[in-house]
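Whatever order the structure lists them in is the order used to number ligands and atoms, beginning at 1.
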Amino acid sequence: MDIAIVGPGAIGSLLIYTLNNAGIVPDVYVRDEGRLRHIRSVGGLRIVIRDEEVNLKANLKLPSDTSKTYDVVLVAVKAYDVEGALKTVSKVLRGDGLVLSFQNGIGPLELMERTFGYNRAGAAVITYGLFRYEYVTFLQGFGEVLIGQRSSNIHEDLHKVIDILSNGGLKVRYVDDIDRYRWYKLLINAGINPITAILQAPNKVIIESPEARELAIKTVNEGLKVVNKLGIELPGNPIEGLLNVAKKTGENYSSMLQDIVNNRETEIDYINGVIVKKGKELGIETPINTLLVSIIKGLVRWRKSLFQQ
Ligand SMILES: NC(=O)c1ccc[n+]([C@@H]2O[C@H](COP(=O)([O-])OP(=O)(O)OC[C@H]3O[C@@H](n4cnc5c(N)ncnc54)[C@H](OP(=O)(O)O)[C@@H]3O)[C@@H](O)[C@H]2O)c1
């Protein structure tokens with residue numbers, strides 16, 4: 001089976017590492033020529049797992065290189081970059097091929113379903129924790145990867161991909177109700193990400209600061225009202241999930257905080273923004289999530305204006 005990855009970042013590196021372990025050197029699409037040169041100039045992509053640094057084997061490719069097509073494309077870019085990444089996927093995914101979304105939040109899978117068809121798009125929910133500095137990725141916490149499709153007509157390659165990733169050592173399993181897990185993770189991210197980003201604090205602030213904890217719980221509870229109205233049965237209690245994740249990843253800095261500090265866009269629209277949007281559609285008020293979205297967007301805009309001066 002021919003597999004390609006779009007995005008040589010943290011998740012992309014974990015996928016390359018896994019495929020290398022399964023005896024596969026994948027083709028990996030990078031954003032542009034400048035990035036390609038940069039990766040080569042620093043000696044390629046690397047991952048650090050349990051203090052051991054591993055050089056990753058990948059054929060780096062530019063979006064303009066459409067000489068080969070693939071059965072499966074794994075999309076490992078941030079949610080706000082998915083639209084751009086899908087331009088590459090459209091050119092290199094075979095007519096009946098499968099595309100998998102590795103993003104947090106709600107939106108990227110839906111876009112892939114609209115672009116390629118319901119039964120040709122699937123999603124992975126990842127609870128591994130990774131941190132990236134330039135092109136070195138550090139595995140901070142082991143977790144698992146749940147993969148599934150919303151279509152009842154499962155793509156014939158889905159289980160093959162899961163088997164390959166599993167052979168490569170990833171803790172991965174198929175779930176037939178991926179939406180429950182996507183929303184469960186969304187609620188936990190909604191409670192941790194914006195609050196740690198605003199407070200500029202590691203995840204343990206949600207446990208150690210009573211004010212932060214109360215705000216995070218209220219944020220999740222607002223989202224829970226939306227989830228209940230949507231009729232989605234979560235795989236666990238999201239408040240317990242929130243506190244467990246904040247405790248377990250206490251020393252980590254959330255991806256949203258890292259995005260803010262590095263003057264990048266954030267995934268707020270795909271996390272708290274989704275709670276706000278769905279809340280509006282369903283007639284549920286979401287004042288706390290609305291406020292958090294505004295603060296994060298304001299922070300991004302402000303830091304961008306400082307950075308661009
Ligand atoms: N990191 C984690 O622990 C973790 C855990 C669970 C879920 N996730 C989710 O996984 C997704 C990916 O996160 P990440 O941490 O891997 O992000 P990341 O480290 O920033 O990696 C994304 C990579 O995609 C590249 N990219 C962007 N647009 C592209 C395009 N059109 N073509 C090719 N490459 C492109 C980026 O390039 P540039 O560097 O040039 O921007 C970057 O190298 C996010 O939705 C995140 O929420 C992450």
Practice task
Using the six-membered ring of Y135, assess whether NZ or CZ of R132 lies under 6.0 Å from its centre and within 45 degrees of the ring axis.
Solution key: yes
Exercise for the section: Sequence neighbours left out, what passes side-chain contact (heavy atoms from CB on, under 4.5 Å) with D71? Give chain and number order. Expected result: M1, D2, R94, D157
Handout entry: Which of the ligand 1 atoms, numbered from 1, are nearer than 4.0 Å to a heavy atom of K185
Key = 6 (C), 7 (C)
Fill in the blank from the handout: Here the atoms of ligand 1 under 4.0 Å from any heavy atom belonging to I126 are 6 (C)
Practice task
Show which atoms of ligand 1 fall inside a sub-4.0 Å distance from at least one heavy-atom site of G129.
Solution key: 3 (O)
Exercise for the section: Return a yes/no value for V6: is any of its N or O atoms, backbone included, closer than 3.5 angstrom to an N or O of ligand 1? Expected result: no
Handout entry: Side-chain donor or acceptor of E267 paired with backbone N/O of A79 under 3.5 Å
Key = yes
Problem - Proximity to ligand 1 by part of M256, non-hydrogen separation under 4.0 Å - result: neither
Practice task
Report yes or no: does E222 contribute a side-chain atom to a donor-acceptor pair with the main-chain N or O of N289 at less than 3.5 Å?
Solution key: yes
Problem - Flag if over 12 foreign heavy atoms under 6.0 Å of CD, E52 - result: no
Practice task
Identify the protein heavy atom lying closest to atom 20 (O) of ligand 1, giving its residue, its atom name and the separation to 0.1 Å.
Solution key: R132 NH2, 3.1 Å
Exercise for the section: Number the atoms of ligand 1 from 1 as they appear, then name those within less than 4.0 Å of a heavy atom of A85, with their elements. Expected result: 31 (N)
Exercise for the section: Would you confirm whether N237, through its side chain, and I239, through its main-chain N or O, come within 3.5 Å as a donor-acceptor pair? Expected result: yes
Fill in the blank from the handout: Nearest non-hydrogen protein atom to atom 45 (O) of ligand 1, with distance, is E267 OE2, 2.6 Å
Practice task
Identify, for atom 23 (C) of ligand 1, the protein heavy atom at the shortest distance, and state residue, atom and that distance.
Solution key: G9 N, 3.7 Å
Exercise for the section: Please check if the side chain of K185 supplies one atom and the backbone of I126 the other of a donor-acceptor pair under 3.5 Å. Expected result: yes
Exercise for the section: Would you check if the side chain of T127 reaches a backbone N or O of E144 as a donor-acceptor pair within less than 3.5 Å? Expected result: yes
Fill in the blank from the handout: The protein heavy atom nearest to atom 3 (O) of ligand 1 is L130 N, 2.7 Å
Problem - Contact (N/O only, under 3.5 Å) between G12 and ligand 1 - result: no
Exercise for the section: Flag yes if more than 12 heavy atoms outside Y253 fall under 6.0 Å of its OH atom; otherwise flag no. Expected result: no
Exercise for the section: Identify the protein heavy atom lying closest to atom 5 (C) of ligand 1, giving its residue, its atom name and the separation to 0.1 Å. Expected result: Y128 O, 3.5 Å
Exercise for the section: Compute the minimum heavy-atom distance from T88 to ligand 1 and say whether it is under 4.0 Å. Expected result: no
Problem - Identity and distance of the protein heavy atom lying nearest atom 38 (P) of ligand 1 - result: R31 NH2, 3.6 Å
Practice task
Compute the shortest N/O to N/O distance between A10 and ligand 1 and return yes if it is under 3.5 Å, no if not.
Solution key: yes
Handout entry: Shortest reach to atom 35 (C) of ligand 1 by a heavy atom, considering only L62, V77, T127, N262
Key = V77
Handout entry: Non-hydrogen atom of A76 closer than 4.0 Å to ligand 1
Key = yes
Which pairs would a plain distance check flag for residues 9-31, meaning a side-chain donor or acceptor within less than 3.5 Å of a matching protein atom at least two apart in sequence or in another chain?
unit_1	atom_1	unit_2	atom_2	d
S13	OG	G9	O	2.7
T18	OG1	L14	O	2.7
N20	OD1	K57	N	2.8
N20	ND2	I16	O	3.4
N20	ND2	I24	O	2.9
N20	ND2	K57	O	2.9
N21	ND2	G168	O	3.2
D27	OD1	N59	ND2	2.8
D27	OD2	Y70	OH	2.5
Y29	OH	D65	O	3.2
R31	NH2	D81	OD2	3.2

Practice task
Please answer whether the main-chain N or O of P202 pairs with a side-chain N or O of E251 as donor and acceptor at a distance below 3.5 Å.
Solution key: no
Exercise for the section: Have a look at E265 and tell me which of R301, K304, K78 forms a salt bridge (charged side-chain N to carboxylate O under 4.0 Å, His left out) with it. Expected result: K304
Exercise for the section: Indicate yes or no for a side-chain donor-acceptor contact from E110 to the backbone of G107 under 3.5 Å, with no hydrogens or angles considered. Expected result: yes
Completion exercise
Closest non-hydrogen atoms of Q200 and I260, given as atom of the first, atom of the second and distance, are NE2-CG2, 4.1 Å
Completion exercise
Residue, atom and distance of the protein heavy atom nearest atom 9 (C) of ligand 1 read F102 O, 3.6 Å
Fill in the blank from the handout: ligand 1 to Q103, heavy atom cutoff 4.0 Å, flagged ligand atoms 45 (O)
Handout entry: Numbered atoms of ligand 1 (with element) below 4.0 Å of Y29, judged on heavy atoms
Key = 33 (C), 34 (N)
Fill in the blank from the handout: When distances are taken from atom 8 (N) of ligand 1, the protein heavy atom at minimum range is N104 ND2, 3.7 Å
Practice task
May I ask you to check whether R35 has an N/O atom sitting below 3.5 Å from an N/O atom of ligand 1?
Solution key: yes
Practice task
Run the numbers for me: atoms of ligand 1, each under 4.0 Å from some heavy atom of D81, listed by number.
Solution key: 27 (C), 28 (N)
